[in-house]
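Encoded as C-alpha cells, here's the structure I'll be asking about.
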Amino acid sequence: MAGPIDESAVRRAAKLARLSLSNADVSKFAQQLSTVISYFEQLRQVDTAGAEPLNHPIEIANVTRPDEPRAVHCDGFTIDAALANAPDLHGRYFRVPGVFGDSGS
Amino acid sequence: MSLNQSATQIASDVASRLRSAVDVCAAALSRAEAVNPRLNAFTQILRHEALCRARQIDAAIARGEAPGPLAGVPIALKDNICTRIGHTTCASRMLESYRSPYDATVVQRLERAGAVIVAKTNLDEFAMGSSTENSAFGVVRNPWSPDRVAGGSSGGSAVAVATRTVPLALGSDTGGSIRLPASFSGVIGLKPTYGRVSRYGLVAYGSSLDQIGPFATYAADAALLLSVIAGRDPNDATSADRAESDFSAAARDVDPAHAIRKLRIGIPREFFADGLDPVVRDQVEKAICEYRAAGAHLVEIALPHTKYCVATYYLIATAEASSNLARFDGVHYGHRTPAPRDIHHLYSASRDEGLGTEVKRRIMLGTFALSAGYADAFYQQALRVRRLIRDDYSQAFGQVDVIMGPVAPSTAFRIGEKADDPLQMYLADVYTTSANLAGLPAISIPCGFSASGLPVGLQVIAPAFEEARLLSAARFLEQRGDWHSRIPPIE
C-alpha cells in the first residue's frame, strides 16, 4: 500500500505526468487529492473474489485491413494538413529543443 | 417562426421549399448571438460557414436533389467534436487555436443528412466536470436562473436547445455529461449504448466510457438525430456492428400508451436513498406514477453496488484520461510554452500553461491510480467492481424492461457552490456514472419543475441497444405534461 498524498507524493506524480505545478497547486492538490483518495478507499470493502476486471463494456475484437498503402484519410488529410497546427516547424519536420544532453535547438 | 418548432417540421418545410434553409439558419444565428452574451453557451458562432452551407442546401433542393432527413436543420455541436470548420477547442487554452484537419464521423453523417452546424458549444475543459464551470472561456449559465450552473460537461449544448436557439445539439457523456445538463436545463438528453455511435473525431477523455448523443426538445427529434448518427464506423473499432435502426418509429408511435401498458419499470431503492433532494424525489415519483396510471408495472429492484459507482468511475475515468491527455505535449499541435529550456521543460511547461486546474487534478488522480503501489489496490479493484456493477444491471434486466430514477440528487446548484470541493462536485454524478460503467443507454426526460422554477429530469436506463424504449418513454411523458415545451425567459 502506498503512503499518504503529501506534497512530495504530489511532486512525484506531477513529474510522471509531465506537469510543472506551481507550489500553490502542489499544496492545494495534496489536500484535495487526499480527500478524494480516502473516498476511493471504500472500494477496498467490496468483496470482488471471482470478479474478473472489466476493462471495456463490450466485447471488442481487433480490426485489421490488408497491409497495402493507401491514403491516410479519403478526404484530403494531407501532410500539409497534419502539419498545419504545429507550433514550430523546420521544413516538414516538427522542431523541438535538443533531446540528448543540453545541445540546444 | 415559432420557437417551439421541431427539427422534423423544419426539415419537412425546407425540403418542400416552404421555407429556405438560409432563413432558418439566419434565425438560429440571431438567436445564438442574442443568447450568448448572457449565458455563454457557445465557444464559436459560425455565421459565415453556416450561411454558406445553408445556401448549398437550398441550391441542391432547387436542383431537385434529395435533401436528407435533417434538411436545413440548424444544429450546435459540443466543442470537443472535431470539425474542419471553425476551431475545435475543448474549452481549453491548450487547443484555443486548434483547427481539426478532419471531420468527426458524426459530422460527416450530419452533413450528408443536410444539417447545418451553426455553433460549437461551451463545455467543461476536455469534458471534465459536472457544471461547465471548468471552461477556459468562462462558465455557462442556467437559462432558468443565471446565477446557477447549467450542468456539465455538455452545458452549452443543453442551453442551446433549452433557449430554442437550435432544435438539436450533440454532446458527449462519459459519466453523465449529457444527462446532467439536460436535467438542469429542462431538455431531453440521450446517452446511447456504448458503441452505438462512432467516437471517431470525439476528443478522447475516458475511452471505455465516452459516447456522443443528442439533445432535443422533442423525443421524435432526438430519435431522428440518433438515427442519423448511429451505426458501424470502420474508423472506430469499438463501434458496434448492428443493423442500423430507425429510432423514429419508437417516438412517433401513434399511441405511446400502448408501449407503456405492461411495461415493467424497475425502481432501484438505492436511487431514492439518503442524499436525494425531496424536490427532485417528488417530481420523479410523480412522473413514475404517470407510467403506472397508463398500465406499467412498478417493480422494486436492488442495484447493490450503487454506492461504489462514483469511486469506481473516478478511478477508471481519470486513469484513462491521464493516458489520453499525454498527447498534449506542445510538440505536434496545441499550446507550446514560449521559451522552452529543454525538451522536458517544453512538455511540462506547455502542459502546465495549457491545461486548467480540474484537468490537471484528474491527470494527477489517474497517475496515482496507475502508479506502483496504487494500481492493484485501486485501479484493478475498480475494474472488478465495474464488473459487479454491470452484473447488478444484468440481473435487474432479467426482471424489468427499463429502470427509472432521478438524474441528479438536486436541481441546478449555484455557480461557485462546489468549485473548491472536488469530491462534492463528483458526487453530483452519483446516479449517472453506472450507465457508462456498464455501457448502457440512458436518457434524461424533463419531468417537472421545483417551486422556484428549476427543471427536474427523470432518468430512464435500458438494456444495451434498447434506445427505442427510452425514446417511447420520453414520447409518452411529453404527452402527459408541458414541461418539455416551456421556454426560459431570454431578455
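This structure is a prediction, so every number in the text was calculated from the model and none was measured. Below, chain A is the first sequence line, B the second, and so on; all start at residue 1.
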Checklist line | Interatomic spacing from CG in A:Leu89 to NE2 in B:His332 - rounded to 0.5 Å | finding: 10.5 Å

Margin query: Set out, in order, the CA-CA distance, both residues' side-chain angles and the distance that settles side chain to side chain contact (heavy atoms under 4.5 Å, CB included) for B:Phe368 and A:Leu16, then state yes or no.
Written below: CA-CA 10 Å; B:Phe368 274 116; A:Leu16 290 172; over 6 Å; no

Notebook entry, point to check: Take atom CD in B:Gln395; do more than 12 heavy atoms of anything else shown fall under 6.0 Å from it?
Noted result: no

Check: Which value, rounded to the nearest 0.5 Å, describes the distance between B:Arg361 atom CZ and A:Asp25 atom CG?
Finding: 9.0 Å

Next item on the list: Name the member of A:Ala9, A:Ala84, A:Pro57, A:Ala82 that forms the most heavy-atom pairs with chain B at distances under 4.5 Å.
Entry: A:Pro57

Next item on the list: Tell me, for B:Asp420 versus chain A, whether the close heavy atoms (under 4.5 Å) come from the side chain, the backbone, both or neither.
Entry: backbone

Margin query: By the definition side chain to side chain contact (heavy atoms under 4.5 Å, CB included), identify the one residue from A:Leu43, A:Val36, A:Ile37 that meets it with B:Leu315.
Written below: A:Leu43

Margin query: Would you say that A:Thr35 contacts B:Gln424 through its side chain, given a criterion of any heavy-atom pair below 4.5 Å between the two side chains?
Written below: no

Item checked: Engaged part of A:Gln32 at the chain B interface, taking heavy atoms whose separation is under 4.5 Å -> side chain

Next item on the list: With a 4.5 Å cut-off on heavy-atom pairs, point out which of B:Thr357, B:Leu325, B:Asp421, B:Leu437 contacts chain A the most.
Entry: B:Thr357

Check: Where does B:Ala438 contact chain A at under 4.5 Å (heavy atoms): side chain, backbone, both or neither?
Finding: backbone

Note to self: Nearest 0.5 angstrom please: B:Gln381 CD to A:Glu41 CD, how far?
What the structure shows: 11.0 Å

Checklist line | B:Thr312 portion near chain A, given a 4.5 angstrom heavy-atom threshold | finding: both

Checklist line | Heavy-atom closest contact (B:Leu365 atom, A:Phe40 atom, distance) | finding: CD2-CE1, 4.0 Å

Margin query: Using heavy-atom distances under 4.5 Å, tell me whether B:His305 contacts chain A through its side chain, its backbone, both, or neither.
Written below: side chain

Checklist line | Which atoms of B:Leu427 approach chain A - backbone, side chain, both or neither, heavy atom under 4.5 Å | finding: side chain

Next item on the list: For each of B:Tyr194, B:Tyr314, B:Tyr333, tally heavy-atom pairs with chain A at distances under 4.5 Å, and name the one with the top tally.
Entry: B:Tyr194

Next item on the list: Take B:Lys360 and A:Leu21, measure what side chain to side chain contact (heavy atoms under 4.5 Å, CB included) needs, and give me the verdict at the end.
Entry: CA-CA 9 Å; B:Lys360 288 180 205 168; A:Leu21 298 180; 3.9 Å; yes

Notebook entry, point to check: What are the two closest non-hydrogen atoms of A:His56 and B:Ser208, and how far apart are they?
Noted result: CD2-CB, 3.8 Å

Note to self: I'd like to verify something: which residue of B:Thr238, B:Leu346, B:Ile363 has the highest number of heavy-atom pairs under 4.5 Å with chain A?
What the structure shows: B:Thr238

Notebook entry, point to check: Which of residues 48-55 of chain A have a heavy atom under 4.5 Å from any heavy atom of chain B?
Noted result: A:Thr48, A:Ala51, A:Glu52, A:Pro53, A:Leu54, A:Asn55

Notebook entry, point to check: Is a side-chain donor or acceptor of B:Thr367 paired with a backbone partner of A:Ala13 at a separation under 3.5 angstrom?
Noted result: no

Checklist line | Least distance between heavy atoms, B:Gly330 atom then A:Pro87 atom | finding: O-CG, 3.5 Å

Check: Considering only heavy atoms, which portion of B:Ala382 lies under 4.5 Å from any heavy atom of chain A: side chain, backbone, both, or neither?
Finding: both

Note to self: Counting only non-hydrogen atoms closer than 4.5 Å, does B:Arg390 touch chain A with its backbone (N, CA, C, O), its side chain (CB onward), both, or neither?
What the structure shows: side chain

Next item on the list: Grab the two heavy atoms, one from A:Asn85 and one from B:Pro101, that are nearest each other, plus how far apart they are.
Entry: ND2-CD, 4.4 Å

Next item on the list: Go through B:Tyr426, B:Tyr98, B:Tyr308 and name the one with the most non-hydrogen pairs under 4.5 angstrom from chain A.
Entry: B:Tyr308

Note to self: Does any backbone or side-chain atom of B:His344 lie under 4.5 Å from a heavy atom of chain A? Answer side chain, backbone, both or neither.
What the structure shows: side chain

Next item on the list: Could you have a look at A:Lys15, A:Gln45, A:Lys28 and say which one has the most heavy-atom pairs with chain B under 4.5 angstrom?
Entry: A:Gln45

